[in-house]
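Just so we're clear, the structure is a prediction, and the values are computed from it rather than from any experiment. Below, read A as the first sequence line, B as the second, and so on, with proteins coming before strands; counting in each chain starts at 1.
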Amino acid sequence: MSDKKTLLLVDGSSYLYRAFHAMPDLRAVPGDPASPATGAIRGMINMMQALRKEVHADYAACVFDAKGPTFRDAIYPAYKQQRNPMPDDLRAQIPPIHEVVRLMGWKVLDVPGVEADDVIGTLAVTAARQGIEVVVSSGDKDLAQLVDEHITIIDTMNGKRRDVAGVEAEFGVPARLMVDFQTLVGDQVDNVPGVEKVGPKTAAKWLQEYGSLDAVVASADKIKGVAGENLRKALDWLPTGRQLLTIKTDCDLNGWVEGLPSLDAITIGAPDAPRLKDFYEQYGFKGLARALGDATSSAPVAATPAVAMPGQSGDLFADHSASPVAEAAQHRAVVYDTILNWTDFDHWLQRLQKAELVALDTETTSLDEMRAEIVGISFSVQPGEAAYIPLAHAGPDAPAQLPRDEVLARLAPWLEDGKRHKLGQHIKYDRHVFANHGIEVRGYVHDTMLQSYVLEVHKPHNLTSLAERHTGRTGISYEDLCGKGAHQIPFAQVPVDKAAAYSCEDSDQTLDVHNALWPLLQADDKLRFIYELEIASSEALFRIERNGVLIDAPTLAAQSHELGQRIVQLETDAYAIAGQPFNLSSPKQLGEIFFDKLGMPVVKKTATGARSTDEEVLEKLAEDYPLPAKLLEHRSLVKLKGTYTDKLAQLALPRTGRVHTHYAQAVAVTGRLSSNDPNLQNIPIRTAEGRRIREAFVAPAGCVIASADYSQIELRIMAHLSGDHALLHAFHAGLDVHRATAAEVFGVALDQVTSEQRRYAKVINFGLIYGMSSFGLAKNLGIETKAAAAYIDRYFQRYPGVKQYMDETKAAAKSMGYVETVFGRRLYLPEINSPNGPRRAGAERAAINAPMQGTAADLIKMAMVAVQKEVDAHQPGIKMIMQVHDELVFELPEGDVDWLKSHIPRLMAEVAALKVPLLAEVGVGPNWDKAH
DNA sequence: CTGCTAGCATA
DNA sequence: GTATGCTAGCAGA
């Protein structure tokens with residue numbers, strides 16, 4: 001490391017807001033909205049720790065805006081006037097944030113009458129003049145004007161680094177012209193206007209052309225167009241604008257930083273561990289407190305905190321550049337090993353065997369989990385330390401590597417030992433990868449992807465995002481390493497040193513993210529329960545995916561052929577009616593034929609203004625024209641052939657004839673699973689035509705298919721959540737719930753309900769689950785909006801508990817920002833208080849639906865875990881092969897049918913005790929269609 | 001080659 | 001009116 005000193009300045013005010021918005025709604029008493037908010041404090045701690053780890057500094061200060069007016073308010077009263085007041089929840093967290101930052105060893109500055117930017121500017125320039133390197137951390141672009149050879153700006157949240165070259169690359173003007181640039185563009189956030197209609201592009205163009213703002217002003221007459229006119233209009237304003245936007249570098253900091261220009265007064269200090277620990281405990285940050293305790297004593301390696309405290313661990317900033325890949329970890333002090341011989345391997349295996357928790361990650365030949373083969377494996381047992389074992393790198397300069405099979409054989413006892421705890425990001429994938437090599441991993445106790453999914457369901461859950469959000473770290477991206485699209489190279493072609501840096505970083509970051517998230521889950525019993533449910537479900541899903549479903553390829557081929565012939569016939573018919581050939585699958589060409597050539601009326605427009613030809617429109621047009629009916633049939637047949645009969649056969653593994661879907665466990669915001677490649681959750685059932693596809697989902701000789709599904713699960717959940725007496729009664733009495741609803745809404749006896757009335761009631765019941773409006777119900781029933789509104793009124797009169805529940809749910813969503821399932825899964829609704837009416841209304845409907853859909857998802861996950869456990873213990877011949885939201889599908893030997901019929905529905909029904917009984921029904925047959 | 005839209009399959 | 005995933009066509013690289 002160089003002898004040069006470094007000053008680190010943090011724009012505390014920008015950090016505050018980021019911390020506040022980036023973190024979930026944490027409370028001092030978890031789950032109690034009345035207790036003080038602590039999310040911003042926690043976020044601030046995370047960010048400051050990450051920063052301190054990333055930047056080695058000798059001097060440091062964290063600078064906040066103080067209360068009260070500044071010189072800018074005096075020269076421009078509208079300055080920052082349009083800003084929303086700080087949320088109360090954030091304001092209350094500011095004093096503790098100042099306190100904890102001080103305890104962490106930082107100088108905290110909030111100078112009355114001087115904005116944070118000006119304090120930063122003054123200190124930065126003072127230091128730079130003495131040849132001290134200055135790093136300013138801020139999410140705010142305004143500070144870019146400070147950049148010079150000695151001063152750089154970094155944004156720890158996204159890793160962006162603005163140095164002299166970076167500023168020029170980003171804005172198109174050199175750093176010394178940034179003030180001129182900002183003056184022309186203006187600053188929306190601070191309510192400082194620039195030149196109207198002049199954005200970054202125009203501003204950069206002018207400055208490149210004329211060289212400075214003064215020169216642009218001097219040539220204002222010559223600039224053409226609207227922008228030129230606006231520039232001339234703004235000439236009087238620009239000097240004031242420039243004054244407002246110029247960061248001051250000569251503020252009087254007397255009384256705040258003693259002895260300037262010497263920076264000794266802001267020398268970075270060691271954290272005050274004992275008082276920090278008290279602080280963490282007081283605010284409920286158990287993980288941080290524990291980490292601190294461990295850092296001061298000699299604890300097991302795996303329990304070492306994500307962020308060790310400098311000054312206690314001693315060598316955190318020590319120079320590890322001797323490590324072959326240390327430089328790839330950017331600013332963080334890390335030790336990443338590459339294992340190429342048995343001596344190093346044995347050393348690491350010993351560490352794995354001793355560690356309480358190990359993060360691991362595999363690099364493979366494919367994203368397809370059934371086909372992927374291992375190219376390398378990385379491990380991390382302690383933050384900042386990891387090792388990579390390259391096993392199948394075949395690039396031009398690839399070194400000799402340890403033999404893969406032998407390495408796996410020597411690792412297998414550890415991998416398969418359930419008492420040796422492991423951690424990963426998306427562990428289901430790695431389970432498959434190891435299974436492809438005959439290894440059944442046991443002891444996978446944590447998955448950072450699922451931690452994030454349970455804590456913040458609506459945010460991205462890939463490791464890169466998690467590391468950025470929770471550790472402030474960025475790293476090597478997969479695309480940097482392998483390229484993208486057609487140019488992407490296989491991982492095995494990546495040079496070993498680069499692969500090692502990448503893979504080690506992944507394991508290391510996984511451990512870091514775990515250390516940030518696991519304490520949050522541990523502190524909340526309900527979230528912890530949901531997380532443990534997800535971990536258990538992950539294994540059950542792995543089993544389902546691994547089993548796969550046997551596909552009867554000849555049946556599908558015959559169906560494809562038949563569909564193909566009928567499609568060709570329909571096309572011929574359509575061309576004859578239209579008087580010309582055209583592409584029936586092209587909405588654009590369809591519009592031309594329908595509306596221009598044949599003169600059909602436009603029924604409705606699409607979202608982009610095109611003339612719609614969807615099913616509803618075609619149904620309507622079919623009343624008066626012959627072509628739409630042909631098209632409707634063509635559409636449905638093309639969909640069946642293209643999406644199902646052709647595709648399923650392609651996706652089956654040739655050797656086994658089975659398809660292996662992928663269940664996405666961290667995608668749906670309600671807690672449901674989703675299925676892809678192929679999607680087995682949207683196989684047709686409603687039409688006889690489509691339903692035939694299910695005949696191709698078969699069992700091998702001697703086996704049958706069984707399907708067990710929950711009956712009316714979401715309505716039962718609605719009864720439970722609302723506690724409505726009439727609805728509870730209907731389920732307790734075992735009534736046909738749609739018939740019961742019809743009897744209430746139409747005011748007739750149960751046995752007098754017509755099939756038409758029952759059909760209406762069924763639509764109403766579904767509408768309720770979807771947070772319906774009278775408009776939506778009317779459209780669905782083909783009646784007037786008024787009539788639909790009358791039905792809804794009538795329903796709520798008869799089921800007042802349901803009405804009350806829905807109102808309360810919406811209110812809860814608005815105040816908390818999320819709703820919960822019966823079991824405490826949180827479902828966030830970021831737009832519930834949006835100023836945009838339609839978006840807010842959409843969020844309100846989602847708020848109604850989410851607890852019901854989400855509770856159903858919780859229940860079936862609990863059922864899957866229970867069923868898998870029971871089957872493993874008593875009937876290992878039974879394979880669970882699919883999940884379709886409220887249905888579980890099995891393949892089983894014929895001899896196990898009786899056992900399944902008597903045990904599985906019971907297990908499913910007894911998985912939880914709600915205020916209404918749960919009911920699961922089972923069917924058995926030679927294929928999925930006949931199993932219903 | 002990539003990203004978007006229109007349309008449609010399921011619970 | 002809720003929640004998903006997949007296909008074909010098409011426009012702009």
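Under 3.5 Å, the side chain of A:Lys639 and the base of B:dC8 form at least one donor-acceptor pair of N or O atoms. Contact of A:Arg686 with B:dA9 (side chain to base): no donor-acceptor pair of N or O atoms is detected under 3.5 Å. In terms of polar N and O atoms assigned as donor or acceptor, the side chain of A:Gln681 never comes within less than 3.5 Å of the base of C:dT4 in a complementary pairing.
Among the protein residues, A:Arg845 comes within range of the sugar-phosphate backbone only, with heavy atoms under 4.0 Å from sugar or phosphate atoms but none that close to a base. Within the nucleic acid shown, A:Val667 comes within 4.0 Å of sugar-phosphate atoms alone, with no base atom in reach, counting heavy atoms only. Residue A:Glu887 is classed as having no contact, given no heavy-atom separation below 4.0 Å to the nucleic acid. Residue A:Ala857 is classed as having no contact, given no heavy-atom separation below 4.0 Å to the nucleic acid.
Electrostatic pairing of A:Glu714 and A:Arg672 counts as a salt bridge here, judged by a charged N lying under 4.0 Å from a carboxylate O. Between A:Lys428 and A:Asp447 no salt bridge is recorded (no basic side-chain N to carboxylate O distance below 4.0 Å). Under a 4.0 Å N-O distance rule, the pair A:Arg566/A:Glu633 qualifies as a salt bridge. Using a cut-off of 4.0 Å between Lys/Arg side-chain N and Asp/Glu carboxylate O, A:Glu695 and A:Lys930 are scored as salt-bridged. Here A:Lys639 does not pair with A:Glu689 in a salt bridge; the nearest charged N to carboxylate O distance is not below 4.0 Å.
With B:dA11, B:dA9, C:dA3 as the candidates, the nucleotide lying closest to the side chain of A:Asn849 is C:dA3. Checking B:dC1, B:dT10, C:dG1 against the side-chain heavy atoms of A:Ile685 singles out B:dT10 as nearest. Nearest to the side chain of A:Asn676, among B:dA9, C:dT2, C:dC6, sits C:dC6. Between B:dA9, B:dA11, C:dG1, one nucleotide has an atom nearer to the side chain of A:Asn780 than all others, and that is C:dG1.
Taking the six-membered ring where the residue is Trp, A:Tyr828 and A:Tyr818 present tilted rings, their angle falling between 30° and 60°.
Note on A:Ser586: a side-chain N or O is less than 4.0 Å away from OP1 or OP2 of C:dC10. Side-chain nitrogen and oxygen atoms of A:Lys647 include at least one within less than 4.0 Å of the OP1 or OP2 phosphate oxygen of C:dT7. Taking side-chain N and O atoms only, A:Asn583 has a distance below 4.0 Å to OP1 or OP2 of C:dG9. An OP1 or OP2 oxygen of B:dA6 is reached within less than 4.0 angstrom by a side-chain nitrogen or oxygen of A:Thr606. Taking 4.0 angstrom as the limit, A:Lys484 places none of its side-chain polar atoms (N or O) nearer than this to OP1 or OP2 of B:dC1. A:Arg635 has a side-chain polar atom (N or O) that falls below the 4.0 Å cut-off from OP1 or OP2 of B:dC8. Proximity of A:Ser674 to the phosphate of C:dG5: a side-chain N or O atom is located under 4.0 Å from OP1 or OP2. The side chain of A:Thr613 places an N or O atom within less than 4.0 Å of a non-bridging phosphate oxygen (OP1 or OP2) of B:dG7.
One interatomic measurement links the two molecules: CD1 of A:Ile693 to P of B:dA9, which rounds to 10 Å at whole-angstrom precision. The distance from atom CD1 of A:Ile683 to atom P of C:dT7 is 11 Å, rounded to the nearest whole Å. Regarding A:Glu616, its CD atom lies at a distance of 14 Å from the C1' atom of B:dC8, rounded to whole Å. The separation between A:Leu640 atom CG and B:dG7 atom P is 18 Å, rounded to whole Å. The interatomic distance linking A:Asn679 (CG) with B:dC8 (C1') rounds to 12 Å, in whole Å. Between the CZ atom of A:Phe582 and the P atom of C:dC10 there is a distance of 12 Å, rounded to whole Å. Rounded to an integer number of Å, the gap from A:Leu584 CG to C:dC10 P is 12 Å. Whole-Å rounding puts the A:Gln853 CD to C:dT2 P distance at 11 Å.
In the region residues 758-777 of chain A, proximity to DNA chain C at under 4.0 angstrom, judged on heavy atoms, holds for A:Val763, A:Gly767, A:Tyr770, A:Met772, A:Ser773, A:Phe775, A:Gly776, A:Leu777.
For an aromatic pair to be called close, the ring centres must be under 6.0 Å apart, and A:Tyr791 with A:Phe746 satisfies this.
Atom CZ of A:Arg543 is surrounded by 12 or fewer heavy atoms from other residues, nucleotides or ligands within 6.0 Å.
Residues that satisfy the ring-ring contact (aromatic ring centres under 6.0 Å, His included) test with A:Tyr710, not counting sequence neighbours, are absent from this structure.
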